[in-house]
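Atoms considered below: every heavy atom in the structure, side chains included; atoms not considered: hydrogens, waters and symmetry mates.
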Amino acid sequence: MANRIFKLLTTDIKELYSTDAAEAIGEAGKAAAELAKMFKEQGLDNSNLLLEVLNSPLAQVVGTGLPFVGMAAKLLAFFIEKTQEQPTLAECIFLVSQAAYLESFKGFLEQDENLLNRIGQTPVSDKVKQLLKKLADLEFSDRAAKETMICFRDSVLAKEFNLVLSERLEQAGLEGSQAKILTERVAANTHRYLIEAWAISGDAMKHLGQSSFSEWREEQRQYQSLDEYLEKQITDKPKEKVFAEEFTFKDIYIPLKAKPLNKNGNPIEDAEDFDLETWAKKLLEDEKKQNLVMFVEAGPGRGKSVFCRMFADWVRQHLHPVWTPVLIRLRDIPKLQNSFLQTLKDAVNTGFTSDNGWLTDKNTRYLFFLDGFDELLMEGRNSGGLEDFLKQVAKFQEACQQSSEMGHRVLITGRPLALQGIERQMPDNLERVQIQVMNDELQQQWLRKWEAQFGAEKTSAFQQFLQDKCCPEQVKSDLAREPLLLYLLAAMHRDGILKVEDFQGTNSTQAKILIYNQAVNWVLTEQRSKLLNRNLTELETEDLRRILTEAGLCVVQSGGECAPVGMIEERLKSDNSVKALLEEAQKRIGDNPLRNALAVFYLQQGSKEGSVEFVHKSFGEFLCAERLKESLEEWTEPGKKGRGFNTKDSDMDWEIYDLLGYGALTAEIVEYLMGLLTTPAVAGEENLFRPVELFQRLEDFYLRWCEGEFIDMLPESLPQKKMRLLREQLKTQDFGQRQIDIYAGLNVMILLLELHRYGQERDELKGTMVFYPCGKPNAEGKLDDASRLLRIIGYGSCVGDSVFVETVGQCLSGAHLISANLSNAYLVITNLSGANLSGAYLIGANLGDAYLIGANLSGANLIFANLSDANFSGANLSRGDLSDANLSDANLSFANLSFANLSGANLSGANLSGTDLSGADLSDADLSDAYLSGANLSGADFSDANLSGADFSDVKWNEDTNWENIRGLDITVNVSEALRQQLEMQ
């Protein structure tokens, strides 16, 4: 647009920059004269735009030192004084926007000296001049000016300015993608300078009703608060030290690889690994995928949290303010709100969130990093809390795509095991990926960074350790490819703590336990000397370890993240020996020895006042398992360790509630616990694991729990006692008697199932350690209480719809559920591989996505059961009743379905390759698109079945196979000529 204000500079240049004239026209005139002088020096005498500064070498944009925003404001004042006319809103905004845009660009050039040196001296091209001329002729209305003030980055001016700057940057040597993102950042940052110019213009724009100085100051406070947040919470995170090392996360971090997952959480077949950061960048850029939540899954120690802090800082450096990173550890959220927007506000809780419109300001788009969905506090993990939370996140992301005011994105991380039981309820708009272990290339990159810290000699020795033929394969191929464990291996090897012979004869779990066990000892004895630890705490190493195991238990019982120091103190009082040591130590050092002891290990100030948390969650889980192991051994060997426990039944009953009545045992804790229990004793030490006695004592507890003995006690039941203690220690009302009773029983059930599997793997124990969750069948194969497990599943539903599945579901492999009544049971995603369900009643049961590989379901009743997507590979379903069952897309490869009743069953898309269907009744069944390659169909009844699209390659059949009235024959696949003739004869 032809701008009257700017033409004032070019109509009488001499008047404006002459000294006498400048003095006559005041400060505004002096500023205008200075600007006019700069334009003359750059040969821009006939300019119609302030943006024509870009026609000069870019280094001079910085070198002039001119405050463009202030100059524009003064130029407005000079125009009014000189002409005695009021500029229109469009004229004001057109000028001020150019000044704000240039100020924003100048800021980026000042921050990046390399960029300035690279492009600073390049002269302008003809194309840039043409674009500037087009911009000068732009029709710009007052309405467009108002839209520009609301959100510059989405305005017409931003689009036009970006075209000019992008072309100028490309002409100066930047690649197209680099120029594009820099111009977007400049445009996104322009608003803060635009409101500054608008405010300081004072009387020049008073007639337009511009924002007051106080309003501008409030917006500036918001920007300042955001800048401070980025500096403290984002910039500093990669610079934090790794544990007690001198190097930082940035020094040792390498990019991670990931693999895409389908909607069921399974890896997509034939999909290649990709760089995790590159994947996230592409999703941010892809306008068609703005509705998708970036969902990153990985097991413990795979680098989820470090990725979040590193990528968040990369976004700050390279994309802000196009995207503004906000990093939230989900463990720090004190309470999930009904509104996800309120949860976000509570979690960030800083100055720029004080304005209720912080999420609807079009000038700021946030990238929220929600780290650790498995670390939500107890309230968020139980009773559908995680499922509800993920649905809130998904709805928020969809709302952001649909709203013109909210363009935010969400990236969330966590352990996949936390999703058990809710896979089918997961939102559809999750772009799911799983972090992969390091490949050879990434491991070598990590080792090169390690070498930069500790030299070639130590790194080479560590590589030789990993390549040694005595080093277990699971250490080489698995453990040494996970970031946390690789660091622990390298650090302990560096300090001479770990030797290759230590791993001889270990399996994967035992090797992992060895690493964590050595790591604890290493921290307590090597990273800080025994003498220093004793001076700080007046405690021996063994006592310190005892305190740490209790801290591990407390952290897990508190939700897996942090625990009040007071809770740890109270629990230690029950251990008379440690209590006496702490009291004596306090007398000597005059300080709190417990707090000093906790500081010795990888513990830090928790998110709640007066609490502590482990630097990495895995340490807490391992130490919790060690604490449980001590008690489990004591229950079968009273007084052996001198801890002062009397392990008669009543005391053991209470200890079970005290140790296990809080929530579900995680798979990691169970793995560590069984590994610790079953690891052979060191030469010269007695093996304290007595499996038969432990099994018997736990089974006795389980049977009495099933009868409700403990919750019915008077005057105070054991669940009530534990509830009271947890509420006092954690200052929360989240725990109820039923919740504690349910989890105590289910956790004991997990331990019994683990001991059952342990016994079945050993000939000498097979007959003495058999766990029957529903009771042992009598001589006739009947049960006195066939519905016991069904009632347990229902009992769990009192505190959450899928509590049983989430807690015990993955531990049922190999379980003895003979003749059990599980009609209408909800067993989605359970692991029943190898389980004995012969004769079981599963009428109407929901076993969708369950694993039943090798399970024995012979004679089971599965009428109307939902078995879609379940894996029955190799299972025995002979003579089972599956009439009208839903087996769509199920994997029944090589299963035994001989003489099974499948009449009316839905087998569409099922994998029946190699399956024995001899004598089976498949009348009226739907086998459309089923895969029957190599199946045995001898004597099977296919009358009235739908075979459209089914694959019959290499099937076996005989004259007794009934094909009467089959449907879809014309579109079956790979039917042999002999079979086709037989079918046509029917």
Considering all heavy atoms, the nearest R302-A298 contact: CB-CB, 3.6 Å
For the residue pair L665 and V556, establish whether any side-chain heavy-atom pair is separated by less than 4.5 Å. no
With the threshold set at 4.0 Å, does a side-chain nitrogen-carboxylate oxygen contact exist between E655 and R697? no
Working to the nearest 0.5 angstrom, can you tell me the gap between L718 CG and D712 CG? 11.5 Å
Could you verify whether a donor N or O on one side chain and an acceptor N or O on the other, from T509 and E671, lie under 3.5 Å apart? yes
Mind listing the closest non-hydrogen atom pair of Q397 and V410 along with its distance? OE1-N, 2.8 Å
With no hydrogens and no angle check, is any side-chain donor or acceptor of K629 less than 3.5 Å from a backbone partner on L673? no
Taking S787 for the side chain and L790 for the main chain, is one N or O donor matched with an acceptor at less than 3.5 Å? no
Given 3.5 Å as the limit, does a donor-acceptor pair link the side chain of N429 with the main chain of N291, or not? yes
Whether K304 side chain and G372 backbone form a donor-acceptor pair below 3.5 Å: no
We want to know whether D700 and Q696 form a side-chain donor-acceptor pair, criterion being a heavy-atom distance below 3.5 angstrom. no
CG of L746 to CG of L751: how many Å apart, nearest 0.5 Å? 11.5 Å
Drop me the distance from I656's CD1 to L628's CG, to the nearest 0.5 angstrom. 11.0 Å
Could you check Y795 against D741 for side-chain hydrogen bond (donor to acceptor under 3.5 Å, both in side chains), going step by step and ending with a plain yes or no? CA-CA 10 Å; Y795 187 31; D741 188 51; 2.6 Å; yes
Can we call the ring centroids of Y758 and F695 under 6.0 Å apart? no
Do E761 and R757 pass the salt bridge (Lys or Arg N to Asp or Glu O under 4.0 Å) test, and can you show the C-alpha distance, the side-chain angles, and the key distance before you say yes or no? CA-CA 6 Å; E761 292 168 358; R757 270 190 294 278; over 6 Å; no
Can you tell if the side chain of K345 reaches within under 4.5 Å of the side chain of Q337, non-hydrogen atoms only? no
E754 and C811, any side-chain heavy atoms less than 4.5 Å apart: yes
Apply the test side chain to side chain contact (heavy atoms under 4.5 Å, CB included) to residues F396 and V293: give CA-CA distance (whole Å), side-chain angles for both, the deciding distance (0.1 Å), then the verdict. CA-CA 9 Å; F396 172 77; V293 176; over 6 Å; no
Considering all heavy atoms of both residues, which atom of F735 and which atom of Q557 are nearest to each other, and what is their separation? CZ-O, 4.0 Å
Apply side chain to side chain contact (heavy atoms under 4.5 Å, CB included) to residues L344 and F368 and explain how you reach the verdict. CA-CA 9 Å; L344 280 178; F368 292 105; 4.0 Å; yes
For R571 and R627: C-alpha separation, side-chain torsions, deciding distance, then whether side chain to side chain contact (heavy atoms under 4.5 Å, CB included) applies. CA-CA 12 Å; R571 291 194 60 84; R627 173 67 181 86; 4.2 Å; yes
So K395 and Q392, do their side chains get closer than 4.5 Å, heavy atoms only? no
Whether the side chain of T636 engages the backbone of E633 through a donor-acceptor N/O pair (distance < 3.5 Å, no angle test) should be reported. yes
Any F295 side-chain heavy atom under 4.5 Å of V393 side chain: no
Is any side-chain heavy atom of Y672 closer than 4.5 Å to one of C624? no
Under the 3.5 angstrom rule, does the side chain of S883 hit a backbone N or O of I863 as a donor-acceptor pair? no
P267 versus L261: any side-chain heavy-atom pair under 4.5 Å? yes
Contact check, side chains of L877 and F872, non-hydrogen atoms, under 4.5 Å: yes
